[in-house]
There are 2 protein chains.
Amino acid sequence: MQLKSQVEWALHCCAILGMLPPDRHLSAKALAEFHGVPKEYLSKALQSLSQAGVVHTTAGVAGGYRLARPAGELSFLDVVEAVEGRRSTFQCANIRANNPCRPADQCDDKPCAVARVMWDADAAWRASLAGVNLAGLAATLNDDLSRELLAASEKWVLDRAR
Amino acid sequence: MQLKSQVEWALHCCAILGMLPPDRHLSAKALAEFHGVPKEYLSKALQSLSQAGVVHTTAGVAGGYRLARPAGELSFLDVVEAVEGRRSTFQCANIRANNPCRPADQCDDKPCAVARVMWDADAAWRASLAGVNLAGLAATLNDDLSRELLAASEKWVLDRAR
DNA sequence: TGAAATGCGGATAATAACTATCCGCTTTGT
DNA sequence: ACAAAGCGGATAGTTATTATCCGCATTTCA
């Protein structure tokens, strides 16, 4: 079970978009070039972010993307769910219903005990993702990266932002 | 991103194996019939459990499986990792290295900030799974299911156990 | 006003992963 | 010796992921 590579791309794109001043935006082409990923396919991830309301899209020539809300109000979970969807990673096929000892007409008042545990774990995963927002990511990057790289990257982005 | 159906099967199989008295075991054929899943493919999941040390295998005619340890010492995580593997659900392709502003020879002293958050969430998921063991599952099932179904299922299993 | 750049949605492949089955082999109880 | 069982490898069928392409609508700018 692996998350799609688009999740990683979307998170890095949001980190970059968080560097933009309000009301400026960056194209899919620039984001793809910055991250070294195929533009057409990255566009699909950006479209998912747009549909989920994580980013705001500007159409037309010189169009592009910006964060739909302040970085402090956008969590990792928002981004991950935009790309991966909100369905639990565990799908219960209700195989308990195949128990040969079970009356065929029995109806279950509770979800399967196995599924409940798996869903709890899924909820813990999402809660962890919900606990980190893009402002926190920016702060971490600020600590991790050199002044030079940060400044150069910001310049690169702002030179291409509209 | 969906967990394999084999995860669900393996967990339900372990729940059944937990009903067996020590030193008795149940065949893949019986487990497959009980859960209404294809025997050949279920066998693959059981082989994974065996290789991971979750279950103990008895070879030869009248062979089969039993839990390798007491139910209280086997967690959901043990079962899930046996089938899904121990690799994180998030794979970092290190796309930060593609940043055009970055010197080509730069080496990173820390893992990518995005990956760290994703790995923390993965760890939270696994911690949640590690917090429930098969004895706890048995207790839950004991509360959830009717006396009749529990007794009938136990009889069905014991009739086929060796 | 028209050309160019951009995002969007659908269609289409290529690749990988998951699901499933089969077969020969070894082991073991009767 | 034989039958039933688990194991490992081989092989398909199906689904999901990755990737590309195309036409269309929108918008900027000359």
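Letters A, B, ... mirror the listed sequences (proteins, then strands); counts begin at 1. Quick caveat: nothing in here was measured; it's all calculated off a predicted structure.
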Using only atom types and a distance under 3.5 Å, with no angle test, would you say the side chain of [X] pairs donor to acceptor with the backbone of [Y]?
{"X": "B:D108", "Y": "B:P111", "answer": "no"}
{"X": "B:E8", "Y": "A:A93", "answer": "yes"}
{"X": "B:E84", "Y": "B:V7", "answer": "no"}
{"X": "B:D122", "Y": "B:T89", "answer": "yes"}

Mind checking [X] for me? I need base, sugar-phosphate or nothing, with any heavy atom below 4.0 Å counting as a touch.
{"X": "B:T58", "answer": "sugar-phosphate"}
{"X": "B:G60", "answer": "base"}
{"X": "B:Q51", "answer": "sugar-phosphate"}

Just checking, is any N or O donor in the side chain of [X] or [Y] under 3.5 Å from an acceptor N or O on the other one?
{"X": "A:D143", "Y": "A:T140", "answer": "no"}
{"X": "A:S128", "Y": "B:D120", "answer": "no"}
{"X": "B:N98", "Y": "B:R96", "answer": "no"}

Specify the separation, in whole Å, of atom [atom1] of [X] and atom [atom2] of [N].
{"X": "A:H56", "N": "C:dG7", "atom1": "NE2", "atom2": "C1'", "value": "12 Å"}
{"X": "A:K4", "N": "D:dA19", "atom1": "NZ", "atom2": "C1'", "value": "13 Å"}
{"X": "A:M1", "N": "C:dT19", "atom1": "CE", "atom2": "P", "value": "12 Å"}
{"X": "B:L49", "N": "D:dG8", "atom1": "CG", "atom2": "C1'", "value": "17 Å"}
{"X": "B:L31", "N": "D:dG6", "atom1": "CG", "atom2": "C1'", "value": "13 Å"}
{"X": "B:H25", "N": "D:dA4", "atom1": "NE2", "atom2": "P", "value": "16 Å"}
{"X": "B:R66", "N": "D:dA5", "atom1": "CZ", "atom2": "P", "value": "18 Å"}
{"X": "B:Q2", "N": "D:dA16", "atom1": "CD", "atom2": "C1'", "value": "11 Å"}

Inset, instruction - Please state whether the base of C:dG7 and the side chain of A:K44 form at least one donor-acceptor pair under 3.5 Å? - result: no
Inset, instruction - Hey, which sits more toward the 5' end of DNA chain D by its nearest nucleotide, B:V61 or B:Q47? - result: B:V61
Inset, instruction - Assign each of A:G64 and B:S5 to its nearest nucleotide of DNA chain C by heavy atoms, then name whichever residue's nucleotide is nearer the 5' end. - result: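 Whichever sits nearer the 5' end wins; that is A:G64.
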Would you say [X] places a side-chain N or O within less than 4.0 Å of OP1 or OP2 belonging to [N]?
{"X": "A:S50", "N": "C:dC8", "answer": "yes"}
{"X": "B:Y41", "N": "C:dT21", "answer": "no"}
{"X": "B:Y65", "N": "D:dC7", "answer": "yes"}
{"X": "A:T57", "N": "C:dC8", "answer": "yes"}

Legend entry - End-to-end axis angle, where each axis spans five pairs of the helix from C:dT1-D:dA30 to C:dT30-D:dA1, to 10°: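 End-to-end axis angle for the helix from C:dT1-D:dA30 to C:dT30-D:dA1: 10°, rounded to 10°.
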Using the side-chain heavy atoms of [X], tell me which of these nucleotides is nearest: [options].
{"X": "B:A59", "options": "C:dT6, C:dG7, C:dT27", "answer": "C:dT27"}
{"X": "A:W9", "options": "D:dC22, D:dG8, D:dA19", "answer": "D:dA19"}
{"X": "B:E40", "options": "D:dT20, C:dT19, C:dC23", "answer": "C:dC23"}

Inset, instruction - I would like to know whether A:S75 and A:L129 meet side-chain contact (heavy atoms from CB on, under 4.5 Å); could you show each step before the answer? - result: CA-CA 7 Å; A:S75 71; A:L129 292 176; over 6 Å; no
